[in-house]
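Down below is the structure, laid out as structure tokens.
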Amino acid sequence: MTPPRHWLSKSRIQSGRQCHKRLWLEIHQRDALQWSGAAQARLDEGTRFGDLARDLLGGGHLIAADHLHADEALAQTNALLGDARTDNPRLFEPAFAHNGVRVRVDAFECDPAGDALIEIKSTTSVKEEHLWDCAIQTWVARGAGRRVARIQLGHVDSSFVYRLPGDYTGLLSLVDITRHVDALQPKIRGIVDTLKRVVQDTQPAIARGEHCTTPYGCPFQSHCSAGEPPGPEYPVTLLPRAGKFAGRLADAGYTDLRDVPDAALLSPTHQRVAEVTRTGKTYVSPELPALLADIPYPRAYLDFESIAFVVPRWLGTRPFQQLPFQFSCHMELQPGVFAHQEFLDVSGNSCLQAFVEALIPAVDGAASIIVYNQAFEATRLRELAEMFPQHADALNAIVARMVDLLPLYRKHYYHRDQRGSWSIKSVLPTVASELDYAQLDVAGGEDAQMAYLRAIDPATDALERERLREGLLAYCHRDTWAMVRLAHAFDD
Ligand code: SF4
């Protein structure tokens with residue numbers, strides 16, 4: 001039989017289920033694909049978990065041929081499956097092909113009574129998309145002649161705590177999903193046939209919409225948006241948390257926020273955003289200047305940066321736990337009199353205790369601890385209080401003195417350049433245009449996480465590590481100085 005010109009795979013089928021155009025572009029215009037650094041880092045963390053999961057499953061034969069050598073992978077798989085002397089019946093990354101679809105399976109256990117297929121995901125629960133992943137693989141493996149009787153999903157057990165160096169027993173949680181996957185089997189053939197036609201046809205004409213971010217962010221968004229006619233300067237999608245409501249406005253014929261009458265907007269926040277956008281007149285409530293001026297002195301303006309590892313690296317921590325590795329603190333002893341302290345550890349080793357021991361004296365004496373989005377810093381401090389009970393009183397006292405600028409600004413201020421967002425990066429340029437984050441090497445939270453991961457990578461040379469360290473220090477410093485500017489934005 002002539003092999004197909006374009007093989008489908010599990011990931012291509014999933015792309016095609018999300019959007020026919022995405023699948024078409026993946027095959028015919030792959031150079032338009034753009035993964036963000038953060039997306040790549042998530043893939044790397046997933047790979048790390050996948051590698052560890054092989055050990056946790058008890059080891060087996062890894063099919064060595066990589067994804068660029070599909071025929072070799074198939075040959076190696078067939079050789080091992082056909083080898084009656086194989087003493088360990090568990091294969092990792094075996095390859096199967098059926099009806100124009102090729103898949104690599106994370107783990108496959110051969111059993112005369114019925115094989116088991118195991119998919120590993122670096123998430124904390126089973127998601128619907130995982131069932132489809134497994135359904136595609138099962139359909140192909142069965143089509144290739146295997147009697148798959150059991151399907152399991154291995155995910156991260158979020159209750160796991162890393163207690164002993166190198167001991168990850170309990171990190172992998174296996175869930176039997178056979179029943180759910182079997183229920184999807186009758187649908188796979190039709191999906192495969194449709195997607196085969198898509199890849200052979202011309203590029204589908206599909207406009208961007210919710211499907212570009214659900215269930216996964218599409219890496220062709222820049223490509224697709226560049227090909228679309230420019231929309232209004234202030235689209236209705238700017239409305240905060242509008243979601244489906246923005247779709248309903250579009251259905252009613254409104255694409256430009258400035259055209260939407262107040263009566264069509266349900267929440268006071270939406271009405272304010274629309275009015276400011278229409279008039280260009282910034283909203284400042286009469287109460288805001290006094291509310292800001294009344295925040296007691298001495299003030300500590302505080303911001304953290306954190307990292308979350310899927311596979312915990314620091315003892316005493318959990319998977320996905322946000323671990324602070326940096327803080328910046330501008331202390332305003334009296335109006336206009338500042339001192340600055342900061343902490344950053346790029347050794348890659350656990351720095352939590354050192355972080356706590358640097359933070360407590362840094363904010364000592366502050367009557368108010370000013371943050372932007374209190375939930376983040378307060379949660380980190382409560383977690384640290386549990387981990388270091390000897391410092392719990394001091395850490396909880398920091399939380400008790402927190403003043404959050406975010407709800408103050410959300411309730412009392414809006415400038416149309418915020419474009420529906422009250423993130424500090426959206427608000428700051430409207431009160432201090434010279435402090436644009438775009439000038440910085442590290443310009444956002446995800447950038448900071450990427451910079452930290454590169455800085456702790458042993459393969460990074462000393463010069464680059466120092467450059468990253470300086471970028472991180474400048475970014476966190478900017479965050480706390482931004483809070484200073486916001487707190488003083490309406491001084492007399
Ligand atoms: S950006 Fe949206 S429309 Fe374009 S390929 Fe991706 S999912 Fe499809």
Side-chain angles (χ1 to χ4, degrees), residues 4-44 46 67 100-103 121-123 127-137 184 187-188 190-257 419-421 423 444 446-447 450:
R5 186 149 164 255
H6 301 296
W7 285 90
L8 291 175
S9 64
K10 176 189 79 174
S11 59
R12 283 180 173 177
I13 292 174
Q14 288 288 60
S15 293
R17 285 187 57 246
Q18 178 172 359
C19 170
H20 287 180
K21 184 175 175 185
R22 175 176 176 174
L23 168 65
W24 193 95
L25 289 168
E26 278 186 17
I27 290 179
H28 299 286
Q29 223 173 311
R30 216 173 155 70
D31 56 346
L33 187 151
Q34 281 182 356
W35 284 118
S36 67
Q40 187 57 51
R42 281 193 288 275
L43 286 177
D44 293 345
H67 286 72
V101 186
R102 286 196 294 227
V103 295
K121 291 289 184 196
S122 54
T123 56
K127 310 247 186 307
E128 193 197 339
E129 289 310 302
H130 303 159
L131 303 179
W132 283 100
D133 269 7
C134 292
I136 296 159
Q137 295 175 67
L184 297 176
K187 300 182 177 164
I188 303 295
I191 292 171
V192 167
D193 288 346
T194 301
L195 296 182
K196 279 181 183 172
R197 287 194 292 276
V198 168
V199 299
Q200 284 161 8
D201 210 337
T202 52
Q203 183 177 152
I206 295 174
R208 288 188 310 138
E210 261 185 64
H211 60 279
C212 302
T213 49
T214 310
Y216 303 115
C218 174
F220 292 104
Q221 293 189 58
S222 303
H223 171 82
C224 287
S225 58
E228 289 174 0
E233 190 181 357
Y234 296 99
V236 289
T237 49
L238 288 183
L239 287 171
R241 299 188 187 127
K244 293 197 167 85
F245 179 62
R248 285 204 294 278
L249 286 175
D251 290 344
Y254 298 115
T255 53
D256 190 323
L257 181 55
R419 300 182 68 78
S421 164
S423 81
E446 282 194 347
D447 278 4
M450 297 306 100

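Note that ligands are numbered from 1 as they come in the structure, with each ligand's atoms numbered from 1 the same way. This one's a predicted model, so the numbers in the text were calculated from it and none came from an experiment.
- Here Cys212 has heavy atoms under 4.0 Å from ligand 1 in both its backbone and its side chain.
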side-chain contact (heavy atoms from CB on, under 4.5 Å) between Gln14 and Ile136, intermediate numbers included: CA-CA 9 Å; Gln14 288 288 60; Ile136 296 159; 4.1 Å; yes
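- The nearest heavy-atom contact from the protein to atom 3 (S) of ligand 1 is His211 NE2, 3.6 Å.
- Scanning the protein heavy atoms around atom 4 (Fe) of ligand 1, the nearest turns out to be Cys224 SG, 2.3 Å.
- Here the closest heavy-atom approach between residue His223 and residue Ala32 is recorded as ND1-CB, 3.5 Å.
- Scanning all protein heavy atoms for the shortest distance to atom 8 (Fe) of ligand 1 gives Cys19 SG, 2.3 Å.
- Taking every heavy atom of Cys218 and a limit of under 4.0 angstrom, the matching atoms of ligand 1 come to 1 (S), 5 (S), 6 (Fe), 7 (S).
- For ligand 1, the atoms closer than 4.0 angstrom to any heavy atom of Arg22 are 5 (S).
- A donor-acceptor contact closer than 3.5 angstrom is absent between the side chains of Gln200 and Arg197.
- Residues Arg17 and Leu195 share a closest heavy-atom pair of N-CD1, 4.4 Å.
- When each atom of ligand 1 is checked for a heavy atom of Gln221 under 4.0 Å away, the hits are 1 (S).
- Lys244 and Glu210 get closest at one heavy-atom pair: CG-OE2, 4.2 Å.
- Closest of all the heavy-atom pairs between Arg102 and Trp7 is NH1-NE1, 3.0 Å.
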